[in-house]
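Report on one structure; see the data block that follows.
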Amino acid sequence: MLKRDGVVNEVPLLNNRFRIDYKVEEITMLFFRRPGAPPVVLVQPDGSKLYPTHAMDNENLDWYDEVSYDLVIIRHPTPGPWQVVGQIQKDSRIMILGDITLDVDPLPPLIFQGETLKVTARVLNDGSPISVGYFRDVVTLYVEFVSTNNDQYDNFGAGTKSVTEFRDNGQDFDERPMDGVFTGEFKLSFPAGEWRPEFSIQTPILKRRVVKAPLVVAEPPFNFNMTLASDGDPSDHLLQIRIDPNVAKPDTVIFQGKIFYPNGEEQLFTLGKETSLYRELSVKNYDWGRYSIEISAFGENINGREFMATLPLYKFEIERPIEKVPEILKPLVETTLEPELPPEPEISTEMMVTIIVLGNMVILLLGWAAVRVFVQNKPLLPKLAMPSMPNLFKKKSLDLDELEIEQSENSDSEQKTNDSGDILNLSMKER
């Protein structure tokens with residue numbers, strides 16, 4: 001049961017949930033859990049739970065509770081969504097025995113990177129292809145390669161590679177539509193290493209998965225050696241391809257492809273069958289730049305199986321030559337002599353300080369003048385009131401007239417006084 005042989009069908013387990021369709025007659029569930037952890041609990045579609053103790057009273061239930069796993073066998077299970085509750089670990093699986101099965105032809109034992117493989121799979125009902133047309137319309141075959149995380153190979157930690165998906169519609173590589181047989185091709189365009197192939201179908205009512213035994217995807221059985229033409233040599237570059245006789249039969253191998261030159265030119269080529277282990281390809285010498293070569297290989301491997309492979313793009317580069325600049329020779333006799341300029345006078349520290357102080361005073365004075373004129377709206381210099389000459393003479397003449405008037409008034413007052421005195425005297429005589 002632990003060894004997956006690619007025959008027994010499985011139901012995918014996603015987030016501790018899985019679905020059982022109505023065609024399943026018997027289901028076997030293997031749940032790995034931490035050592036010492038309690039047994040898992042199964043939740044049926046109606047919400048009821050199944051425990052290991054139920055196996056004693058239910059003839060359709062077998063439950064083996066071990067230290068690190070639970071092995072549960074259910075006959076005529078309830079169709080619908082199920083759930084498992086517990087500390088389950090990876091590699092837990094659900095295997096079914098029912099009417100609808102997925103049958104996948106085995107993969108060849110010797111394959112290598114870049115090779116194109118053909119796959120044939122069938123969805124069967126009681127061992128025969130399904131004849132219901134609408135069922136075939138909704139079925140899709142998915143092909144995945146899962147890394148085994150073997151640190152001895154280059155694909156360690158590569159995860160899962162979704163390779164392709166097929167439909168039974170007679171398109172692409174499918175041979176006949178609606179015959180219940182999926183046929184297709186896919187390329188091994190992922191890194192070489194140890195992989196586990198997985199094939200699955202999925203519909204709204206059922207899910208089936210077939211897991212094949214791990215296999216090794218080898219490196220391409222071809223080695224390359226480039227001989228570059230020397231500088232200034234008009235001959236071509238030479239690419240030598242060696243075929244590994246332990247994987248492929250050299251006398252059956254044919255190469256074809258395309259050369260991409262630095263100037264944008266493309267050239268098709270074909271290297272036919274030869275008994276030698278080596279093939280040589282001439283590449284035109286178009287000076288410096290990057291060259292790329294696409295290569296496809298056709299032939300038979302040592303097992304007699306024909307293969308077709310697309311090899312990784314081969315690239316090489318010719319560096320750009322360094323141009324030599326001619327050396328400029330100095331004249332033996334200097335014909336012109338530049339006149340020597342007198343040295344510039346040096347400024348002493350005292351002079352520099354004096355210039356800085358005077359400069360600052362000028363800047364302050366200009367600032368004060370700008371504030372007075374443009375901000376305070378005052379004149380730059382204060383106005384002085386100067387008396388005019390005509391007014392001065394006019395003032396003096398005015399004073400002389402006032403003096404005469406004052407003298408006349410004084411004389412009049414004196415006369416009046418005398419008159420009053422006379423009057424006073426007369427009055428006293430009457431008495």
Side-chain angles (χ1 to χ4, degrees), residues 3-10 101-124 129 140-150 152-156 158-168 172-176 179-201 208-223 241-256 273 277 295-312:
K3 184 178 180 181
R4 287 165 162 163
D5 54 4
V7 177
V8 178
N9 284 211
E10 298 183 7
T101 58
L102 174 63
D103 180 34
V104 181
D105 289 350
L107 295 177
L110 180 60
I111 57 178
F112 55 87
Q113 181 187 11
E115 187 176 356
T116 300
L117 296 182
K118 182 178 179 180
V119 173
T120 302
R122 290 164 290 274
V123 181
L124 306 177
T140 302
L141 175 64
Y142 300 93
V143 181
E144 295 179 339
F145 276 69
V146 182
S147 173
T148 58
N149 286 333
N150 191 337
Q152 297 181 359
Y153 296 93
D154 296 337
N155 67 331
F156 175 74
T160 301
K161 300 295 182 181
S162 297
V163 178
T164 186
E165 57 186 52
F166 303 131
R167 297 182 66 88
D168 186 18
D172 296 330
F173 295 100
D174 188 54
E175 296 179 353
R176 299 179 181 84
D179 60 350
V181 180
F182 296 86
T183 55
E185 295 180 352
F186 61 89
K187 293 182 179 180
L188 301 176
S189 57
F190 40 82
E194 190 177 51
W195 298 87
R196 184 176 65 248
E198 296 186 2
F199 304 86
S200 62
I201 59 173
R208 295 291 186 271
R209 182 174 64 176
V210 172
V211 181
K212 297 289 185 178
L215 53 82
V216 176
V217 179
E219 295 284 350
F222 309 104
N223 296 322
I241 306 175
R242 184 185 183 276
I243 305 172
D244 186 0
N246 297 322
V247 178
K249 296 179 180 180
D251 56 348
T252 63
V253 177
I254 299 175
F255 296 99
Q256 71 176 15
K273 298 180 181 179
L277 299 180
I295 305 176
S296 298
F298 306 86
E300 293 183 7
N301 60 14
I302 57 176
N303 295 331
R305 181 179 63 86
E306 294 186 354
F307 65 84
M308 177 180 64
T310 301
L311 305 183

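Just so it is clear, the structure is predicted and the values come from calculations on it, not from any experiment. Along the sequence shown, residues carry numbers from 1. The basis for the numbers below is simple: all heavy atoms, side chains too, and nothing from hydrogens, waters or symmetry mates.
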Inset, instruction - Could you list the residues that satisfy salt bridge (charged side-chain N to carboxylate O under 4.0 Å, His left out) with D105, not counting sequence neighbours? - result: R122

Legend entry - By salt bridge (charged side-chain N to carboxylate O under 4.0 Å, His left out) - contacts of K187 (at least two apart): none

Inset, instruction - Could I get the full list of ring-ring contact (aromatic ring centres under 6.0 Å, His included) partners for F156, not counting sequence neighbours? - result: none

Legend entry - Whether T164 side chain and F186 backbone form a donor-acceptor pair below 3.5 Å: no

Inset, instruction - With the side chain counted from C-beta on, respond yes when I254 and K273 share a heavy-atom pair under 4.5 Å apart, and no when they do not. - result: yes

Legend entry - Short side-chain to backbone donor-acceptor contact, D244 and N246, under 3.5 Å: yes

Legend entry - F190 vs V217 side-chain heavy atoms within contact, under 4.5 Å: yes

Legend entry - Pair V143-F166, side-chain contact (heavy atoms from CB on, under 4.5 Å): steps then yes or no: CA-CA 8 Å; V143 181; F166 303 131; 4.0 Å; yes

Legend entry - Non-hydrogen side-chain atoms of N303 and P109 separated by less than 4.5 Å: yes

Inset, instruction - For K118, check salt bridge (charged side-chain N to carboxylate O under 4.0 Å, His left out) against everything at least two apart and list the hits. - result: E175

Legend entry - Heavy-atom check, side chain of K212 versus side chain of F199, under 4.5 Å: yes

Inset, instruction - Please examine the side chains of R208 and V123, heavy atoms only from C-beta on, and report whether any two atoms are closer than 4.5 Å. - result: no

Legend entry - Flag, side chain of N301 to backbone of V247, donor-acceptor distance under 3.5 Å: no

Inset, instruction - Under the ring-ring contact (aromatic ring centres under 6.0 Å, His included) rule, collect the residues that match up with Y153, sequence neighbours excluded. - result: none

Inset, instruction - Mark yes or no for whether R305, through its side chain, and L110, through its backbone, hold a donor-acceptor pair below 3.5 Å. - result: yes

Legend entry - Parallel, tilted or perpendicular: ring planes of F145 versus W195, cut at 30 and 60 degrees: perpendicular

Inset, instruction - For F307, enumerate each residue passing the ring-ring contact (aromatic ring centres under 6.0 Å, His included) test, keeping only those at least two apart in sequence or located in another chain. - result: F112

Legend entry - Student check: side-chain heavy atoms of F182 and L102 closer than 4.5 Å: no

